[in-house]
Amino acid sequence: MELSKLSHKKIGICADHGEFELKEKIVPFLTKNKFEAVDFGAYVLDNADDYPDFLIPLARAVADGEVSRGIAICGSGVGVSIVANKVARVRAALIQNYFSVHQGVEDNDMNLLCMGGRTIGYASVQELVLAFLNAEFIGTERHLQRLQKIQDLENN
Ligand code: RB5
């Protein structure tokens, strides 16, 4: 697997109890691939925890540029993706395939990757994470125009 081309990146990550263990594997995986991982919790496995408690601080850190990009995990990936997109300047999606993860960055400037820890295996997660972090927004006029319309909606 290819090492990161973007060694300067600080990446925020969070997970609830719906695959807490997956986050615990991704953090050292990020470090091994020369990313700086910032862990927003959970810090212990607690089957009663609530994903918004970890996701909201992570999403705000992405929106404010405190971290370059974010990775959020819950059991299905649905809960974290719903919450993430309520934070202005966060462009999050629940992704399970390679094409969508790199095109999501290239065309949509996706800055927060959501995954369902109970829906995909660790080998796929590793590929998705690297594809997400190594992709860059293309920034052509038509893509910028679409992002402007999203920003207008957020400002309305
Ligand atoms: C587990 O409680 C599960 O419901 C949660 O992790 C997540 O999948 C919600 O969207």
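Order of appearance sets the numbers: ligands from 1, and atoms from 1 within every ligand. All values reported here derive from a predicted model rather than from experimental measurement. Only this structure's heavy atoms are used, side chains among them; waters, hydrogens and symmetry mates stay out.
Atom NZ of K9 is separated from atom CG of N33 by 13.0 Å, given to the nearest 0.5 angstrom. One distance of note links CZ of F132 with OH of Y98; it measures 14.0 Å at 0.5 Å rounding.
Under a cutoff of 6.0 Å and an axis angle of 45°, K10 and F35 do not form a cation-pi pair.
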Atom pairs and distances, donor-acceptor, side-chain atoms in residues 45-63, under 3.5 Å, two or more places apart:
residue	atom	partner	partner atom	Å
D46	OD1	A48	N	2.9
D49	OD1	H17	N	3.1
D49	OD1	H17	ND1	2.5

Would you list the atom pairs, donor with acceptor, under 3.5 Å between side chains in residues 90-97 and any protein atom, with sequence neighbours excluded?
residue	atom	partner	partner atom	Å
R91	NE	D109	O	2.8
R91	NH2	D109	O	3.3
R91	NH2	D109	OD2	3.0
Q96	NE2	T119	OG1	2.7
N97	OD1	F99	N	3.3
N97	OD1	S100	N	2.8
N97	OD1	S100	OG	3.1
N97	ND2	S100	OG	3.1

List, for ligand 1, each N/O atom that has a protein N/O partner under 3.5 Å away, with both atom names and the distance.
residue	atom	partner	partner atom	Å
ligand 1	2 (O)	H17	NE2	2.7
ligand 1	6 (O)	D16	OD1	3.2
ligand 1	6 (O)	D16	OD2	2.7
ligand 1	6 (O)	G75	N	2.8
ligand 1	8 (O)	G75	N	3.1
ligand 1	8 (O)	S76	N	2.8
ligand 1	8 (O)	S76	OG	3.1
ligand 1	10 (O)	S76	OG	3.4
ligand 1	10 (O)	G79	N	2.9

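Q151 is linked by a side-chain hydrogen bond (donor to acceptor under 3.5 Å, both in side chains) to nothing, counting only residues two or more places apart in sequence or in another chain.
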